Amino acid sequence: MLDVDKIRKDFPMIENNPDLVYLDSAATSLKPQCVIDAVVDFYARHTSNVHRGDYRVAEINDKLYDGTRNLVAELIHCDKDEVVYTHNVSHSLNQIAFGLKPMLKKGDTVLITYAEHASNVLPWFALQKEIGINIEYIETDNEANITIDTFKKAMHEGVKVVSVAEVTNVLGSIQPVKEMCEIAHSYGAYMIVDGAQSVPHMKVDVKDLDVDFLGFSAHKMCGPSGVGILYGKKKLLDAMEPVFYGGDMNARFNKDGEMLLKDTPVKFEAGTPNIEGVIGTGAAIQYLLSIGLDNIHEYEKELRAYAIDKLSQLDNIEIINPDNLYGPIDFNAKGVFAQDAAGFLASKNIAVRSGNHCAKILHNIIHTDQSIRASLYFYNTKEEIDRFVEACKEITLENCVGIFF
Ligand SMILES: Cc1ncc(COP(=O)(O)O)c(C=O)c1O
């Protein structure tokens, strides 16, 4: 069980904005004080680069920076050498796609869905242009759920990569990743999982799932911006070339262009990294683990069900994903442009997102380019949902005229 009142005291954003209802955690989450402290301490008490300095402060940072790998390993159940620091999940997915390029050839198929975020679509489109891979879409229901049957139907000998979000970012569809991995592997295909909306909200065990690669972002799980994680099975990371080259990731090079790269994972981390961000990510993971991912998952499910129940009683609201049990609530107010509706909610100090949410081919499933997304996290409360629903009741064309916030 979560003690939400206690949890809310950990978040200065909540204390400093007592009237704000923040329902945009799928875009980025709020940060607890322990994460802010970890970042500030780096600037105020122990600034240095990492893997370069032979002095005490640098040693502190080496320990903290590399220590975060152990925490990520604990979070997703992998080995610390399988944890690559990137800048965000977009970077992770680009590294995976372009790292796999030498293993792919013209005519090979990559399977995705219409519900993917741009960062799990555009790298594949770029490879389609560059080397002529085929992109095919796995059939889903109208809330973007893949079933084992539709997945089996989509698989064929030409499929070399399957790449899907474990939880989709607009509709909150939870995909059956474990079973999909087994099927993909039986065809010799790689299974890539975009964990941007799953890792912050539920237990993800990469060994149990048997995924080949997983990407996620710290900023969506109480951590700082500018840090992503790329998990890959060690042997696959060892076989993969980095996309970026530069400092730290090389062991030696000479004037003839010969170079020796460091071992995985450092070979993927060119240049000075976001040190304070990685240290803050460690603090965020410790914080989430102390609350418990299962507790977070259960609480959010309950809160979502409460919100759906209330919202579905409003005549002016159309919920796009009423049957999914998890993740963001996607909806529209009848006859009102989504951005105007979001502006109206903003005038009531309620933060939601409107538009297509970086899922620009999702309209193939939901048949609209415009929706409002309310996304919850474990610091939201039923009282906030009540305020949100009360405000939604008032979203009409007339009420949205001339709204400035
Ligand atoms: C499912 C999913 N994938 C990828 C991303 C991209 O995340 P980032 O902006 O941290 O790279 C997001 C962000 O909203 C997302 O929800």
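Hydrogens, waters and symmetry mates play no part in the numbers below; they use all other heavy atoms, side chains included. Atoms within each ligand, like the ligands themselves, are counted from 1 in listed order. This structure is a prediction, so every number in the text was calculated from the model and none was measured.
- Close contacts between ligand 1 and Gln197 involve ligand atoms 1 (C), 14 (O), 15 (C), 16 (O) [criterion: under 4.0 Å to a heavy atom].
- Atom 3 (N) of ligand 1 has Asp194 OD2, 2.5 Å as its closest protein atom, hydrogens excluded (heavy atom only).
- If you run side chain to side chain contact (heavy atoms under 4.5 Å, CB included) between Ile366 and each of Asn142, Asn332, Asp330, Asn321, only Asp330 comes through.
- Within the 4.5 Å cutoff, the side chain of Tyr377 has heavy atoms near those of the Cys222 side chain.
- Between Lys235 and Asp238, none of the side-chain N atoms (NZ, or NE/NH1/NH2) sits under 4.0 Å from a carboxylate O, so this pair counts as no salt bridge.
- One side chain, His156 or Glu136, offers a donor N or O that lies under 3.5 Å from an acceptor on the other.
- Nearest protein neighbour of atom 10 (O) of ligand 1, counting heavy atoms only, is Ser217 OG, 2.6 Å.
- Using a 4.0 Å cutoff on heavy atoms, Asn120 does not count as a contact of ligand 1.
- Residue contacts with ligand 1 include Ser119, since one of its heavy atoms falls under 4.0 Å from the ligand.
- At least one heavy atom of Lys220 sits closer than 4.0 Å to an atom of ligand 1.
- Ser371 and His357 are linked by a side-chain donor-acceptor pair at a separation below 3.5 angstrom, with hydrogens and angles left out of the test.
- Shown in contact with Asn88 at under 4.0 Å from a heavy atom are these atoms of ligand 1, numbered in order with element: 8 (P), 10 (O), 11 (O).
- Within the set Asn169, Val89, Asn94, Thr86, the minimum heavy-atom distance to atom 7 (O) of ligand 1 is found for Val89.
- Taking 4.0 Å as the cut-off between side-chain N and carboxylate O, Lys348 and Glu390 do not count as a salt-bridged pair.
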**Message:** Let's go through Asp3 and Lys9 carefully: what are the C-alpha distance in whole Å and the side-chain angles of both, what is the deciding distance for salt bridge (Lys or Arg N to Asp or Glu O under 4.0 Å) to 0.1 Å, and is it a yes or a no?
**Reply:** CA-CA 10 Å; Asp3 184 346; Lys9 292 197 176 76; over 6 Å; no
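- The Ser90 neighbourhood of ligand 1 comprises atoms 6 (C), 8 (P), 11 (O), with distances under 4.0 Å to a heavy atom of that residue.
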**Tyr137 and Asn364: CA distance, side-chain angles, deciding distance, side chain to side chain donor-acceptor pair (under 3.5 Å) verdict** = CA-CA 11 Å; Tyr137 297 92; Asn364 287 289; over 6 Å; no
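- Proximity of His219 to ligand 1, defined as any heavy-atom pair under 4.0 Å, is confined to the side chain (atoms from C-beta onward).
- Among all non-hydrogen protein atoms, the one lying nearest atom 12 (C) of ligand 1 is His117 CD2, 3.3 Å.
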